[in-house]
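Sequence lines set the chain letters: A, B, ... in the order given, protein chains first and strands last, and positions in each chain run from 1. Since the structure is predicted, the reported quantities are computational estimates derived from the model, not experimental observations.
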Amino acid sequence: MTTYRSWAYCPASRQNAIKPAWTDFDLHKETGSLLPFGNGRSYGDSCLNSDGIVIDGRLLNRFISFDVEQGILRCESGATFADILALTVPKGWFLPVTPGTKYVTLGGAIANDVHGKNHHQDGTLGRHIRCFELKRSSGKKLICSPEKNTEFFAATIGGLGLTGFISWAEVQLIKIPSSFIEVETTAFHGLEEFCALSEQANVKHRYSVAWLDCASSGKQFARGLFMSGNHIDCDKKSKSALHEPTISIPINFPKQAINRYSIRAFNALYFNKNRLSAGKPTKQHYDDFFYPLDSIGNWNRIYGSQGFYQYQFVVPPSKLVVMEKALNKIVASGLGSFLAVLKEFGDLKSPGMLSFPRPGICLALDFANRGNITLKLLQELDHLVMDAGGAVYPAKDVRMSSQAFQSYFPNYSEFEAYIDPKFSSDFWRRVSDKKT
Amino acid sequence: MIKKPDNETIVIFGATSAVGQMLARIHAESGDSMILVARNLDRINRVAADLRTRGAPLVECLHSDFDNTQKHSELLENIEERCTDIAKYYFFYGSLPEQKECEASWSSTHNALMTNFLSVVSLLTLIANKVEKETGRGIVVVSSVAGDRGRQSNYIYGTAKGALTIFLQGLRNRLYRSNCSVTTMKPGFIDTPMTRDFDKGLLWVKPEKVAQDIYKAASRRKDEVYTPGFWRLIMFIINNIPEIIFKRLSL
Ligand SMILES: Cc1cc2nc3c(=O)[nH]c(=O)nc-3n(C[C@H](O)[C@H](O)[C@H](O)COP(=O)(O)OP(=O)(O)OC[C@H]3O[C@@H](n4cnc5c(N)ncnc54)[C@H](O)[C@@H]3O)c2cc1C
Ligand SMILES: NC(=O)c1ccc[n+]([C@@H]2O[C@H](COP(=O)([O-])OP(=O)(O)OC[C@H]3O[C@@H](n4cnc5c(N)ncnc54)[C@H](OP(=O)(O)O)[C@@H]3O)[C@@H](O)[C@H]2O)c1
């Protein structure tokens, strides 16, 4: 038994694990239910399988080939985005899509069909996956691509690790002139201003995202900073691609460290600091632009041993009022967040059956775990999102009901046909109403 | 990272071991060429593809079961055919025997001594005679803290590693005048396939960390190095417990 945790610390499970060193490991000799584990950067229980066994793929991190002319990389599924960038950035290639941390594995990123700040231009990661090998518990190995085994390709992208074990994958990278991004920052007040900014920026910028203050009400309600950027040529001597965390939070913070006052103070500080640089474009290293939180190793421990919840949802573009309602609820509750991220998703379709991103406005924020009051608020938010025809991101979830899941992902029953009979997860047992 | 004047060619015996792969990556990323030797050809090829992608200009693969000492001179000829100017010889292979099984069977004990000690002596006998005539070479062998003192829970493995450590001391002394360094690495607990079934606590480290320490120790031509460094203190204490007390402990 080993301790496996997801990022939000809420469920910490002692559970059985296997840690294969080679991709040709046997799946069919294992008894009990199986689930791949990437690097535990999902916040909830979609990467945990407390009744069964997790297949910890972190030793499977070998590169297989890299075509430097075409930017095509094939590697084992346990390679992290940090490993990949360290190899490809010095050669002028970047990941086509990246989440807000580079400590995710390629396999885990495919299984959640991750999105990034360029969703409006490039869609989800799944659109840039050329092919992968899927190991099924029957012993079968399927090469899946947009041309071959297409149903398994579609089911596995965003398939929450349930369709089998991805042993390697091939991804099409994007060409970059340097490791720097030119970033423009603009302050806004209110969601309408955000939408207007987003519409303008998304035409000329590959990346865009906003930071939203979820603690202030009244005149400062829904104030935020809108950031957009492009890769640029830069004469600054390219900083080494390897950039390890510099500060680390070694222990869990005491409970009292996070309360509405400290959150408000933090938000006010962050807002004012960044407003100073607003207006003129700045050059940022990709680490600072994409992965600001990675420079504080284990920042999740700031919430203490009781962990926290993250809630990420999207509502259709026409439902701006719902977003506003949700925000009002969050602000009024005072349970607000340390970090709230607002992003407009584009309409590029993912090949993934259960992919989360869809056109609309997406908000992600953390809630310290205060037990029932937090859970009750999240449930109320669920209802708003369901009524609006939106969705909550499974990668960040530990509590959505089966009713909610099935409303967010109406084609889940089509997906079920592709689940490996031996695979399951804590998340899946909850949302599919199946207890075993 | 330590800068080297030129890129070199190294040989790794046991290149498919978890720690060996991590060490090879450091060399590949700094542009060194390498000859990989291990017993499973398919696995070496996977490791080789990774190392080429990471920047190793030349990677050659050879396969050999090291227990088969009869084949050692042929193996070394094969290596020599591929490169005559080998800067470092690394030894990463090993096996962790079931202590209880060794107690019940001489043949299991013999196998453990063969893999962890005798086969290394056989290879190093041949290599020593070669590097003795050259200058500035390096031999780097992974021994273990388990070789510092015999304990009931794994003294066969400990015996092999302890004997290895002493053999390397002698060899270091002999090769000193050929300016060949002999580095004995003594890792503590590493989270690798070898220790798959152990419950992992605070003292455990990743193979990456041990590989970095080995790379550093090899570049600096060190003699005996504990990795991670805190094991030096732990072993100092353990080595200084009087035998009259030690024999009563259940370690
Ligand atoms: C700071 C931070 C910022 C983030 N920002 C974003 C963001 O901007 N956008 C976004 O989309 N997500 C974001 N995330 C979430 C994160 O990108 C996803 O949860 C990602 O899937 C985690 O990858 P992992 O390798 O840690 O996998 P895990 O969390 O360990 O597992 C995730 C899923 O992948 C499956 N899986 C893992 N390996 C394999 C495999 N080899 N084969 C098949 N299935 C597998 C697991 O079973 C599980 O269902 C963020 C997370 C953090 C901590
Ligand atoms: N892990 C620890 O806690 C620890 C602690 C102290 C010292 N060490 C030492 O560190 C070294 C590296 O071990 P590791 O932890 O990296 O374990 P590992 O990944 O299991 O590596 C052991 C390697 O030895 C190879 N091997 C075993 N017998 C062989 C033989 N007869 N012929 C050829 N190859 C053989 C194995 O080859 P296959 O891949 O073909 O099986 C495997 O690649 C070993 O010397 C070990 O004793 C380990």
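Within residues 21-30 of chain A, the residues having any heavy atom closer than 4.5 Å to a heavy atom of chain B are A/Ala21, A/Trp22, A/Thr23, A/Asp24, listed by residue number. For residues 129-145 of chain A, heavy-atom neighbours of chain B at less than 4.5 Å comprise no residues at all.
In this structure, the side chains of B/Asp191 and A/Arg58 stay at 4.5 Å or more apart for every pair of heavy atoms. The side-chain heavy atoms of A/Cys75 and B/Thr53, taken from C-beta on, include no pair separated by under 4.5 Å.
In this structure, CG in A/Asp83 is found 6.5 Å from CZ in B/Arg54, a value given to the nearest 0.5 Å.
Of all heavy-atom pairs between A/Arg62 and B/Gln21, the closest is NH1-OE1, 2.6 Å.
In this structure, B/Lys200 places its NZ atom where more than 12 heavy-atom neighbours from other residues, nucleotides or ligands lie under 6.0 Å away. Surrounding CZ of B/Phe230 are more than 12 heavy atoms belonging to other residues, nucleotides or ligands, all under 6.0 Å away. Within 6.0 Å of atom CZ in B/Arg82, more than 12 heavy atoms from other residues, nucleotides or ligands are found, so the atom counts as buried in its surroundings. When the shell of 6.0 Å around NE2 of B/His63 is examined, it contains 12 or fewer heavy atoms from other residues, nucleotides or ligands.
Contacts of B/Thr192 with chain A are absent, with no heavy-atom separation under 4.5 Å from either backbone or side chain. Of the atoms belonging to B/Arg52, not a single heavy atom falls under 4.5 Å from chain A. Using a 4.5 Å cut-off between heavy atoms, A/Ile18 does not touch chain B at all.
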